[in-house]
Amino acid sequence: MKPFPTSENTAQTQIDLEQKKVSQSLPLQVSSEKGEILAPTNSQSEQEETKAKKTGAWAVFASTFVTILLAEIGDKTQLTTLLMTAESQSPWIVFAGAGSALVTTSLLGVLLGQWLASHLSPKTIERSAGIILLLISLTLIAEVFYENFA
């Protein structure tokens, strides 16, 4: 014959049922001894983390591609490439040379950016870039006024 449930047995059964509900509704593990939620260690959380990294990588790639594409359309490099192609009548050789040059300058930018990121804070880099662009703009404006009024 089974003993009547005591308050200890009832409380333990209720905790066990709650743990079962929590562990079924969330991809988390629950410690049966203390009722604590343990850090996820299953492959599902690892798969979600990998998926987030891949999505983040594609977002960075797409953002970089669109930004550089829009910045390069109609700039002096494209016009120079257009003129060189028209003069040389060798479009594929000009394409190979221009493409190699752009890849090389991009590589230099990435390596310099990586080095700067390891030595300076992102805020410092952002401010420095802003100041440099302002100085370039002011120099160009001063040059235009100097030529027109001199």
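- L70 and L102 end up in different hydrophobic clusters when Ile, Leu, Val, Met, Phe, Trp and Tyr side chains are linked at under 4.5 Å.
- Here the shortest heavy-atom pairing between Q78 and E72 reads OE1-O, 3.6 Å.
- Distance OG1/T85 to CH2/W92: 10.5 Å, rounded to 0.5 Å.
- Atom CD1 in I141 sits 12.0 Å away from atom CD1 in I136 (nearest 0.5 Å).
- Closest approach of G74 and L79 over heavy atoms only: O-CD1, 4.2 Å.
- Note: the hydrophobic cluster containing V66 also contains I73 (ILVMFWY, side chain heavy atoms under 4.5 Å, direct or indirect links).
- Note that the CG atom of L140 and the CG atom of L135 stand 11.0 Å from one another [nearest 0.5 Å].
- To the nearest 0.5 Å, atoms CH2 (W115) and CG (L120) are separated by 7.0 Å.
- Note: L111 CG to L107 CG = 4.5 Å, rounded to the nearest 0.5 Å.
- Within the model, atoms CE of M84 and CD of Q89 stand 13.5 Å from one another, a figure rounded to the nearest 0.5 Å.
- Ring geometry for W58 against F61 counts as perpendicular: the plane angle is over 60°, on a 0 to 90° scale with 30° as the lower cut.
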